[in-house]
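Read through the structure below, which is laid out as structure tokens, and then see the notes.
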Amino acid sequence: LNFTSTLGGQTFNSPFLNASGIHCQTAEELADLEGVKELGGIVTKSATLEARAGNDKPRYYDLAYGSINSMGLPNSGYNFYLDYVQKEHAKPTILSVAGLSVADVIKLLKEVQASDYQGLTELNLSCPNVIGEPQTAYDFETTRKVLTEVFSFFTKPLGVKLPPYFDLVHFDQIAAVLNDFPLTHVNTINSVGNGLVVDVEKEQVVTKPKGGFGGLGGAMVLPTALANVRALRQRLNPSIAILGTGGVTTGADVFAHILCGAQLVSVGTQVIKEGLGVYARLEKELSDIMEAKGYTSLEDFRGKLQVM
Ligand SMILES: O=C(O)c1[nH]c(=O)[nH]c(=O)c1Cl
């Protein structure tokens, strides 16, 4: 089966990625990812200018149907991740970056531009958990302003990580912004922001930051993730690839993401639930589905979801 694709000048030998933030914050976690042969690429935890401890714990809670997190962007600081991605790796890397202000984003990306890093960078415009900070990509004007400033100097492969949208007009509006820039990709979705999980027995929230409000992931967000992949595929220039993230627990979910237009597919919550062995299971399940349908390559069905 042909699982190979190229993005931003890099060759990905498999459609699988780790979702930024999951098992990709420390040197040990990143080394673990290198050892997962079914992973096509490695995405770093979103890096900020300064290292961050993140929000108070408990800040992650596992549910039967998914997860809620209010991590608060804990990371070792961009120097650590920029050094990491400039080392030799058997797989392509995607350097995820986030800023607490437009100025931080510009400063960070100028460092990346000035470095010898030739791989992909992904600007996270959608973290829902930094207290007092908005999810930038819900503000279309600010998103345009940021991208205009970034592309005035940034010439390396760049994608953006988007929050989920829930209104068809909003899909039109964000696509109208993104189509004006030479992006390599869009990664959709980030967690569904500011959900709330209640422990009825304790009559209490389950995470400490923000009164228990946090980003939702896992099985429960799959229909939202598929809708965002599909809607953006239908609206974005073909030159902008879609990385599908959200709700993947089976090979059928991976197939669905690709059918909606995803080039690569990230797995987050399920890695926490099942461990890194999940990728071998997903690859087997996806292969079995493709063989049963007579497909030999992802191109045979990518973006070919039928309507009624
Ligand atoms: O709280 C986090 O660190 C976090 N959590 C998320 O669910 N998405 C993000 O982009 C980030 Cl940056």
Side-chain angles (χ1 to χ4, degrees), residues 17-26 29-30 43-63 65-78 80-81 94-101 104-105 108-109 121-139 142-143 146 158-165 174 185-197 205-222 224-225 228 243-248 266-273:
L17 296 174
N18 63 294
S20 177
I22 313 301
H23 209 103
C24 59
Q25 186 174 328
T26 66
E29 289 174 334
L30 290 162
V43 187
T44 70
K45 171 65 186 176
S46 293
T48 47
L49 275 180
E50 308 296 329
R52 291 173 54 87
N55 292 340
D56 291 345
K57 296 178 181 174
R59 58 195 188 182
Y60 183 91
Y61 189 81
D62 191 63
L63 298 156
Y65 45 90
S67 65
I68 184 168
N69 90 83
S70 203
M71 309 303 285
L73 247 178
N75 74 97
S76 306
Y78 86 94
F80 168 79
Y81 301 100
I94 300 181
L95 172 65
S96 176
V97 297
L100 303 179
S101 65
D104 274 12
V105 167
L108 235 172
L109 288 174
T121 300
E122 185 174 283
L123 175 56
N124 184 350
L125 296 174
S126 45
C127 179
N129 302 322
V130 178
I131 293 164
E133 291 289 318
Q135 290 163 262
T136 304
Y138 282 147
D139 177 338
T142 301
T143 300
V146 170
L158 182 72
V160 290
K161 180 74 172 281
L162 297 176
Y165 299 95
I174 191 61
H185 72 276
V186 150
N187 188 333
T188 180
I189 62 173
N190 205 317
S191 56
V192 173
N194 296 296
L196 182 65
V197 173
V205 300
V206 298
T207 47
K208 183 171 180 184
K210 291 176 55 177
F213 284 68
L216 303 177
M220 67 176 133
V221 307
L222 180 65
T224 294
N228 278 261
L243 303 192
T245 301
V248 171
S266 321
V267 185
T269 297
Q270 197 58 24
V271 169
I272 295 178
K273 288 174 178 286

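For ligands, and for the atoms within them, numbers begin at 1 and follow the listed sequence. Numbers here are sequence positions counted from 1.
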Least distance between heavy atoms, Pro163 atom then Leu125 atom: CD-O, 4.4 Å
Taking every non-hydrogen atom, the tightest pair across Glu122 and Asn187: OE1-ND2, 3.2 Å
Residue Phe80 excluded, over 12 heavy atoms near CZ under 6.0 Å: yes
Looking only at distance, does [X] have an N or O less than 3.5 Å from an N or O of ligand 1?
| X | value |
| --- | --- |
| Asn190 | yes |
| Ser70 | no |
| Gly215 | no |
| Met71 | yes |
| Gly72 | yes |

Ligand 1 contact by Pro74, heavy-atom criterion under 4.0 angstrom: yes
Atoms in ligand 1 flagged as close to Asn129, the criterion being non-hydrogen separation under 4.0 Å: 1 (O), 2 (C), 4 (C), 5 (N), 6 (C), 7 (O)
Atoms of ligand 1 close to Leu73 [distance to a heavy atom under 4.0 angstrom, numbered from 1]: 1 (O), 2 (C), 3 (O), 12 (Cl)
Non-neighbouring partners of Pro74 that pass side-chain contact (heavy atoms from CB on, under 4.5 Å), sequence neighbours left out: Gln25, Lys45, Arg59, Met71
Identity and distance of the protein heavy atom lying nearest atom 11 (C) of ligand 1: Cys127 SG, 3.1 Å
Report the part of [X] (side chain from C-beta onward, or backbone N, CA, C, O) that has a heavy atom under 4.0 Å from ligand 1; answer both or neither where that applies.
| X | result |
| --- | --- |
| Lys45 | side chain |
| Pro128 | side chain |
| Asn69 | side chain |

Nearest candidate to atom 10 (O) of ligand 1, where distance is taken over non-hydrogen atoms, out of Leu216, Val192, Asn124, Thr245: Asn124
Flag, side chain of [X] to backbone of [Y], donor-acceptor distance under 3.5 Å:
| X | Y | result |
| --- | --- | --- |
| Tyr78 | Ala98 | no |
| Asn55 | Asn129 | yes |
| Thr207 | Pro58 | no |

Working for side-chain contact (heavy atoms from CB on, under 4.5 Å), residues Lys273 and Asp62: CA-CA 8 Å; Lys273 288 174 178 286; Asp62 191 63; 3.0 Å; yes
Residue pair Asn194, Gln135: steps toward the side-chain contact (heavy atoms from CB on, under 4.5 Å) verdict: CA-CA 11 Å; Asn194 296 296; Gln135 290 163 262; 3.9 Å; yes
